[in-house]
Amino acid sequence: MEYSKRIYIFDTTLRDGEQTPGCSMNPQEKLTMARQLERLGVDTIEAGFPVSNASDFEAVSLISSAIKNCRIAALCRATKGDIETAMLALKKAVNPLIHIFIATSDLHMQYKLRMEPEEVLSRIYESISYAKKYAPIVQWSAEDASRSDIDFLCRAAETAIEAGADIVNFADTVGYSTPSELRNMIRAIKERTKGIENVDVGIHCHNDLGMAVANSLSCIGVGVNQIDCTLNGIGERAGNAALEEIVMALNTRSDVYRAHTGVKTEQIYRSSSMLSRIIGISVPKNKPIVGENAFQHESGIHQHGVMANRATYEIMTPESIGIKTSGIVFGKHSGSHAFFERVRELGYDLGQELLDDLFLEFKALTEKKQEITDFDIEALIASKTHTRQFYKLDRFVINSGNTIRPTSIVRIEKENGEKLEAVATGEGPVYASYEAIGQILAQELTLEDYSIRSVSEGGDALGEVAVRVKAGNRTVMGRGLSTDILESSINAYISAINKLIALGALSYTK
Ligand code: KIV
Ligand code: ZN
């Protein structure tokens, strides 16, 4: 058998991905995603930056307790305080990894760090040797490596290795590099850095010029054996290298790369959809691998070719990333036992109270929709879990038409059963309903984004609404799900409000 190199996947969806505006997740949502990343088979899950905020700290702790089959990484600056906080958050992890970063380019050292190069080297040495006392695996990352002086970069990497780093990682932080430049950078590091043969070497690429995936792949074959990436390519600005593209490129073109990962590719589609649902950002239709059009053949010539032999226009199969035409799973007569079993098979580990609650929703759904698929069940789970229900929708009545200004009466219920109602008009029925809820709350709320998509196929498909809502300096996503899109819209708004209350951005009296 031909030799194939193992490439380690360092997934940073929950850290670099999540720190992107509009992609934020609460700790429970991150835990749900982490469980899916574990099923996907990534090697490392970077769960957060614990010192940066309490929610990241909590997420890293929760994930450390729950995930046993991946390394759990926590990000730190090169300071003792950051390292101590990260170690505390990682306390329960079976395989903890401390990830220390510091910039190495002149630009960053002078203007951001305000440090002399020699001071940066001392910091690297001190922080890594300190972290090594507590953590079995320490990764060092050179921020803005691709714009750094190569001699200095090699000295910095050598210092990190001398101090005990197990992995040295090089970031194209602003997505400036080209594939050949990055490949040459890694080649030079491999040739000139003492001790580099004893550590793992990683690459971390951003997508500002649309080259993150190509840049990452260009470093295979010259010594990189770890790639940092995110699902759906989410991340700062234009995002990070997309995990699904890296993995499928390695799979499909193993003849070129002679490399493989431990990712279970049949979990890719589910992972991508779950993330998209949680953060409320849909995957562009033409996105490679996971976009809706990725396996569709529109033109007659292509359809004809595919019917004769799929290989004519298909270089991968939809099944290889886990797209199945999910047949009928459930209907009106399905019982709770079968439903709970299916939820478990889908990989969710939910408490009985939540399961009972979900089953009631599921039953209500079977009254409106004949065939319930896995996609519907997962959408139901995503809409129900994760947030305390400070408010829930009790009822609404909307009067709308093309010759009148829509009016909405909305009644919402507090946890103690108290019901609050308001009436409002608006440009459309959704806006009128949001106005009514705004009147009940009497607090400043801004709707920043609204999107709707159908979860499955058919006239009775579930409509899933995602909204981005801001209160004070916090922005959250809310989701709502129903066969009635106005109900989905109202529920999405209420779910965002519940999250904002949980974050303390809106007040709530019991
Ligand atoms: O882009 C970057 O430089 C980073 C580092 C923390 C690795 O995300
Ligand atoms: Zn980054």
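Read the numbers this way: they start at 1 and go in the same order the structure lists the ligands and their atoms. All residue numbers refer to positions in the sequence shown, counting from 1. Heavy atoms only: backbone and side chains are in, while hydrogens, waters and symmetry mates are out.
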Next item on the list: Using 2.8 Å as a strict upper limit, say whether an N, O or S atom of D228 approaches the Zn ion (ligand 2) that closely.
Entry: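 No N, O or S atom of D228 is closer than 2.8 Å to the Zn ion (ligand 2), so no.
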Note to self: Is it the case that atom NZ in K91 sees more than 12 heavy atoms from other parts of the structure closer than 6.0 Å?
What the structure shows: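 It does not: K91 NZ has 12 such atoms or fewer within range.
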Check: What atoms of ligand 1 come closer than 4.0 angstrom to any heavy atom of D16?
Finding: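 It comes down to these atoms of ligand 1: 8 (O).
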Checklist line | Which of the ligand 1 atoms, numbered from 1, are nearer than 4.0 Å to a heavy atom of H206 | finding: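 That gives atoms 1 (O) of ligand 1.
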Next item on the list: Take the Zn ion (ligand 2) as the vertex and measure to NE2 of H204 and NE2 of H206; round to 10°.
Entry: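 Taking the Zn ion (ligand 2) as the apex, the two atoms subtend 100°.
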Notebook entry, point to check: Looking at the rings of F10 and H204, which for Trp means the six-membered one, are their centres under 6.0 Å apart?
Noted result: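 Between F10 and H204, the centre distance exceeds or equals 6.0 Å.
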Note to self: If you measure every N or O of S141 against every N or O of ligand 1, does any of those distances drop under 3.5 Å?
What the structure shows: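 N/O-N/O distance below 3.5 Å does not exist for this pair.
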Item checked: R277 bridged to E29 by N-O distance under 4.0 Å ->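 No.
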For [atom], the option (of [options]) bearing the nearest heavy atom:
{"atom": "atom 4 (C) of ligand 1", "options": "E236, H204, E143", "value": "H204"}
{"atom": "atom 3 (O) of ligand 1", "options": "N169, T173, T12, I102", "value": "T173"}
{"atom": "atom 5 (C) of ligand 1", "options": "H108, R15, R237, Q139", "value": "R15"}

Next item on the list: Can you spot which of T173, D16, D172 makes a side chain to side chain donor-acceptor pair (under 3.5 Å) with H206?
Entry: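 That would be D16; it is the only one of T173, D16, D172 passing the side chain to side chain donor-acceptor pair (under 3.5 Å) with H206.
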Item checked: For the Zn ion (ligand 2): the N/O/S atom of D16 at shortest distance ->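 Of all N, O or S atoms in D16, the Zn ion (ligand 2) lies closest to OD2.
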Item checked: Residue of the set D43, D228, I167, T261 for which side-chain contact (heavy atoms from CB on, under 4.5 Å) holds with Y8 ->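 Of the listed options, the one satisfying the test is D43.
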Item checked: From CA spacing to verdict: salt bridge (Lys or Arg N to Asp or Glu O under 4.0 Å), R270, E378 -> CA-CA 10 Å; R270 249 189 92 199; E378 293 207 65; 3.1 Å; yes
Item checked: Residue pair E158, R192: steps toward the salt bridge (Lys or Arg N to Asp or Glu O under 4.0 Å) verdict -> CA-CA 9 Å; E158 205 164 297; R192 299 195 213 166; over 6 Å; no
